Amino acid sequence: MSDPPIITAEALVKSFGSTVALAGVDLEVERGTVLGLLGRNGAGKTTLVRILSTLLAPDVGHARIAGADVVRDAQTVRSRIGLAGQFAAVDETLTGRENLELVGRLYGLGRREARARAGEVLDRLTLATAADRLVLTYSGGMRRRLDLGASLIGRPLVLIMDEPTTGLDPGTRIELWKFIDELVREGTTLLLTTQYLEEADRLADRIAVIERGRMIATGSPSELKQRVGGDVLEVRSANFGDLDRLVTLLSGLGSGPPVADVRGQRVTLPVSDRVSTLFAAARRIEESSIEIDDLSLRRPSLDDVFLALTSPGRPAESGTPTSPRNGHSAYERVVA
Ligand SMILES: Nc1ncnc2c1ncn2[C@@H]1O[C@H](COP(=O)(O)OP(=O)(O)OP(=O)(O)O)[C@@H](O)[C@H]1O
Ligand SMILES: [Mg+2]
């Protein structure tokens with residue numbers, strides 16, 4: 001590939017008072033690919049998205065979209081990107097169609113063109129039947145789809161989506177994934193943030209993991225999984241109270257330390273020697289009085305990668321998901 005990356009960021013730093021949201025972030029995204037930006041609450045995902053979409057200036061560092069600097073050539077950048085923010089930015093007192101036409105007009109389209117594109121986008125996002133209802137009456141999923149639609153009106157070269165499927169039901173999420181596939185097939189470059197590892201696995205060509213304002217890993221989903229090394233032995237405990245004992249029991253058996261996943265009531269262990277480790281683990285469990293529900297060997301998932309990469313005892317500072325600080329208005333989205 002001789003094309004230069006369509007998105008580049010170099011040494012981005014951004015602080016809010018004493019909170020360092022980005023502590024020197026580098027990033028490259030190749031044209032026509034999907035980058036999944038993964039990180040826990042407060043990791044810095046939205047801050048990076050806002051810098052790349054010209055809504056926020058970095059304290060230090062540079063970023064470019066298709067060669068245009070996000071600070072010096074903000075206007076050019078805005079004409080090339082579409083942004084679907086973390087919180088749907090649609091006007092409730094207008095209909096779906098009116099919202100999209102408004103955004104089209106803000107992009108500088110003529111009335112007729114804005115109407116045509118709005119109709120096209122409503123069809124694609126299967127909102128046509130609700131197009132002339134006030135957004136007030138839309139469900140959460142419909143609002144998100146409309147918001148996504150608004151980001152597509154300008155036919156962007158680069159689409160930036162901040163947690164596009166958070167809060168959507170599984171059916172709607174799968175619909176949206178299919179739609180994203182189509183956009184990528186048509187050549188759109190996509191940067192999406194997500195907290196769903198399954199989503200990153202399904203959509204992303206490359207994944208960047210951000211933790212406390214720093215990129216701690218990048219690679220394709222399979223490269224990242226290989227970092228866990230070999231396979232994963234998973235033991236599901238029948239009793240919640242036995243997790244610690246299981247960790248002790250399995251210590252030293254695998255190619256790395258066992259990790260307890262409290263929510264999943266399970267312990268996972270990276271293994272390189274599949275069968276002998278499985279036997280040894282089964283024997284130890286049998287000799288103990290620990291009751292288990294399941295014992296299995298599987299390929300590593302991105303969950304395992306994430307658990308292994310992010311230090312468990314030191315949670316990232318959490319953001320407040322409902323705070324309006326991340327909200328984008330329809331006006332912020334396009335050329336001001
Ligand atoms: N406008 C702001 N004022 C003050 N602090 C902010 C502001 N924006 C972000 N922060 C802080 O910067 C850090 C990174 O926030 P950011 O919103 O980028 O995280 P995130 O990865 O998007 O989190 P989430 O998954 O919760 O959306 C957090 O500690 C957050 O509280
Ligand atoms: Mg965010």
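Every number for a ligand or one of its atoms is a count from 1 in the order of the listing. Position 1 is the first residue of the sequence, and the numbers go up from there. Quick caveat, the model's predicted, so the values are computed rather than measured.
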- Message: Between ligand 1 and Gly39, can you find any atom pair, the residue atom being a heavy atom, that is separated by under 4.0 Å?
- Response: no
- Task: Determine whether more than 12 heavy atoms belonging to other residues, nucleotides or ligands lie under 6.0 Å from atom CG of Asp244.
- Result: no
- Can you tell me if Thr126 and Glu175 form a side-chain donor-acceptor pair at under 3.5 Å? no
- So, do Ser237 and Arg245 sit near enough that their side-chain heavy atoms are less than 4.5 Å apart? no
- Donor + acceptor pair across side chains of Thr193, Asp162 (<3.5 Å): yes
- Message: Taking the cut-offs as 6.0 angstrom to the six-membered ring centre and 45 degrees off its axis, would you call Arg145 and Phe179 a cation-pi pair?
- Response: no
- Note on the structure: From the list Thr218, Leu35, Thr8, side chain to side chain contact (heavy atoms under 4.5 Å, CB included) with Glu28 holds only for Thr8
- Message: What I want to know is whether Ala43 and ligand 1 share at least one N or O pair that is separated by under 3.5 angstrom.
- Response: yes
- Steps toward side chain to side chain contact (heavy atoms under 4.5 Å, CB included) verdict (Arg299, Asp231): CA-CA 5 Å; Arg299 304 290 306 152; Asp231 291 286; 3.0 Å; yes
- Below 3.5 angstrom, do we get any N/O pair linking Phe16 and ligand 1? no
- Proximal ligand 1 atoms for Glu163, defined as those under 4.0 Å from one of its heavy atoms: 25 (O), 27 (O)
- Query: Counting backbone and side chain alike, does Thr193 bring an N/O/S atom below 2.8 Å of the Mg ion (ligand 2)?
  - Reply: no
- Query: Side chain or backbone of Thr19 under 4.0 Å from ligand 1, or both, or neither, by non-hydrogen atoms?
  - Reply: side chain
- Item | Sub-4.0 Å heavy-atom contact, Gln195 with ligand 1 | yes
- Task: Output the list of atoms in ligand 1 that are nearer than 4.0 Å to some heavy atom of Arg40, sorted by atom number.
- Result: 21 (O), 25 (O)
- Under 4.0 Å to a heavy atom of Ala21 - the qualifying atoms of ligand 1, by number: 12 (O), 13 (C), 14 (C)
